[in-house]
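Have a look at the structure below, then the notes.
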Amino acid sequence: MFKQYIDIAPEVQKALDNNQPVVALESTIISHGMPYPKNVETAREVEQIVRKYSATPATIAILNGRIKIGLTEADLELLGKEKNVQKVSRRDLPFIIAKGLNGATTVAATMILADLAGIRIFVTGGIGGVHRGASETFDISADLQELATTDVAVICAGVKSILDIGLTLEYLETQGVPVVAVGTKEFPAFYTRKSGFEADYQVDDLGELAKALHAKWDLGLKGGMVIGNPIDKAFEMDSDIIDTAIQLALKEARKKGIQGKDITPFLLAKIVELTSGQSLDSNIQLVYNNAKIGAQLAVAYHNS
Ligand code: PSU
Ligand code: MN
C-alpha cells in the first residue's frame, strides 16, 4: 500500500536488496537548519562520510508530493536553496503528499519514512525536545513521541539548550526510550560536550550498541533509541558564548511571538547570527562526527 508513495534511489534500493548497511539522513537540517550554501555542502559531505565508512546514505525528503529515499545532487540543491520547502513532521506528511508539495522532513517524519523503507539507523545533528517554558506553551517536539513508537535509532549530538534538556530526558524516560552517550557518561548538549545530565548508558563499543538494538527490536520493544555522540573537543563552543547567544535568541523569539514549527529554525538562525557563524561551524562538524559513528553502527548492526 505505502509503496505507491515512495521512490527509492537505485543506490539505496541495491543496498537494501543486498542487505547492506544503509544510513538515513534528514532534510529539515538542510532546508530549515542551516543557511545556503553551507547547508548543501554539508549534506553532500555527510553522504560522502557515510560512504567512506562503508554504508549507503539515504537522505529523505518529499519532492512534488513524492517520498524520496535517497536524493540526487540536484535534489539537495533544491532543498537547500528553494524558499518554499515546507517543514514536515508526522502531522504534515498526508497533506504535503496530497498537495504535491516539496517538504523537508524532521527527525519524526524521517524516522517514519526510514522505517517504511526498512532503514534502522538514522544520523542527524540534534533532535527536537521539550522546549523551555513548555509547562506554559505545551511545546514538546513530535520527535519525542516518534522515538517512543518507531523502530529507528537516532545518532545526534545530544539536545541543545534552546530546549529544556532535563525535561526532554524525563519525557524520554517515561516513554521508555533508551538514551545513551558514546564514549562518556554525560549526555551531550550539541554545541558543547557537557550538559550536566547523565545518559542512561555509556557506550564504548558499537558492537555492543548494535547488539542492544537487536535485543530491543527482537523483543518487540517498540520505538527508537537516542544515541548522543559528543562534538569533538576541537570544535566545541565556549559554554558562556553559546549560553549568552541562546538567551538572547530566546528573548527575541518571545518578543516576536514566534511559536510552533517556526521556533526551532528561528532560534538556530539567530544563534548563527549572534555567534558570527561560529555555531554553524560547530554544527557542521558535529554532524560529520555523527555520520562517521552512524555508518560504523550501521555496519556493526548488519554484522551482528
Ligand atoms: N535541531 C538542530 N537542527 C535542526 C533541527 C533540530 O540543531 O535542523 C530540526 C530537526 O529536523 C528536528 C526539528 O526534528 O528541528 C524539530 O523541530 P520541532 O522542534 O518543531 O519539532
Ligand atoms: Mn514544537
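Owing to the predicted nature of the structure, the values given are computational and were not obtained by experimental measurement. In listed order, ligands and their atoms are each counted from 1. When a residue number appears, it is its place in the shown sequence, counting from 1.
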Problem - Ligand-residue contact atoms, ligand 1 with G33, heavy atoms, under 4.0 Å - result: 8 (O)

Problem - Contact atoms of ligand 1, heavy-atom distance to H131 under 4.0 Å - result: 19 (O)

Problem - Polar proximity ligand 1 side, V107 side, N/O cut 3.5 Å exclusive - result: yes

Problem - Electrostatic pair D7-K68, nearest N-O below 4.0 angstrom - result: yes

Practice task
Check whether any N or O atom of S141, backbone or side chain, sits under 3.5 Å from an N or O atom of ligand 1, and answer yes or no.
Solution key: yes

Problem - Ion pair R44/E73, N-O distance below 4.0 Å - result: yes

Problem - Note, F235 side chain near D281 side chain (heavy atom, < 4.5 Å) - result: no

Handout entry: L169 with V154, same ILVMFWY side-chain cluster at under 4.5 Å
Key = yes

Completion exercise
Applied to residues 253-264, the side chain to side chain donor-acceptor pair (under 3.5 Å) test, sequence neighbours excluded, yields E252-K256

Exercise for the section: Determine whether any heavy atom of E26 lies closer than 4.0 Å to an atom of ligand 1. Expected result: yes

Exercise for the section: Scan side-chain atoms only and decide if E77 and Y36 contain a donor-acceptor pair under the 3.5 Å cut-off. Expected result: yes

Exercise for the section: Using a 4.5 Å cut-off on heavy atoms from C-beta on, say whether the side chain of I271 contacts that of I246. Expected result: yes

Only distances under 3.5 Å count here; give the side-chain donor-acceptor pairs of residues 99-110 to other protein atoms, sequence neighbours excluded, each with its distance to 0.1 Å.
from: N102; atom 1: OD1; to: N64; atom 2: N; distance (Å): 2.9
from: T105; atom 1: OG1; to: S27; atom 2: OG; distance (Å): 3.2
from: T105; atom 1: OG1; to: I60; atom 2: O; distance (Å): 3.0
from: T105; atom 1: OG1; to: T110; atom 2: OG1; distance (Å): 2.8
from: T106; atom 1: OG1; to: V88; atom 2: O; distance (Å): 3.3
from: T106; atom 1: OG1; to: S89; atom 2: OG; distance (Å): 3.4
from: T106; atom 1: OG1; to: A108; atom 2: N; distance (Å): 3.3
from: T106; atom 1: OG1; to: A109; atom 2: N; distance (Å): 3.3
from: T110; atom 1: OG1; to: T105; atom 2: O; distance (Å): 3.3
from: T110; atom 1: OG1; to: T106; atom 2: O; distance (Å): 2.6

Exercise for the section: Enumerate the protein N/O/S atoms at a distance below 2.8 Å from the Mn ion (ligand 2), ignoring waters. Expected result: D139 OD1

Exercise for the section: Please determine if N283 has a nitrogen or oxygen closer than 3.5 Å to a nitrogen or oxygen of ligand 1. Expected result: no

Problem - Common cluster, Y5/I8, ILVMFWY with side-chain heavy-atom separation under 4.5 Å - result: yes

Exercise for the section: Considering heavy atoms of the protein only, find what lies nearest to atom 14 (O) of ligand 1 and give residue, atom and distance to 0.1 Å. Expected result: D143 OD2, 2.6 Å

Handout entry: T264, any N or O under 3.5 Å of ligand 1 N or O
Key = yes

Completion exercise
atom 4 (C) of ligand 1 has as its nearest protein heavy atom L268 CD1, 3.7 Å

Problem - Residues D115, R120: salt bridge by 4.0 Å N-O rule - result: yes

Fill in the blank from the handout: heavy-atom search around atom 9 (C) of ligand 1 in the protein gives T28 CG2, 3.9 Å

Practice task
Starting from atom 8 (O) of ligand 1, find the nearest protein heavy-atom neighbour and note its residue, name and distance.
Solution key: I29 CA, 3.4 Å

Exercise for the section: Do me a favour and list the nearest non-hydrogen protein atom to atom 6 (C) of ligand 1 with residue, atom name and distance? Expected result: G126 O, 3.4 Å

Problem - Closest protein heavy atom (residue, atom, distance) for atom 18 (P) of ligand 1 - result: K87 NZ, 3.6 Å

Exercise for the section: Please examine the side chains of L25 and V46, heavy atoms only from C-beta on, and report whether any two atoms are closer than 4.5 Å. Expected result: yes

Problem - Those residues that, when tested against K87, pass salt bridge (charged side-chain N to carboxylate O under 4.0 Å, His left out) (two or more places apart) - result: none

Problem - E236 with K194: basic N within carboxylate O range, under 4.0 Å - result: no

Exercise for the section: Have a look at R90, K160, M34, E146 and point out the one with the heavy atom closest to atom 2 (C) of ligand 1. Expected result: K160

Problem - N or O contact, T106 vs ligand 1, cut-off under 3.5 Å - result: no

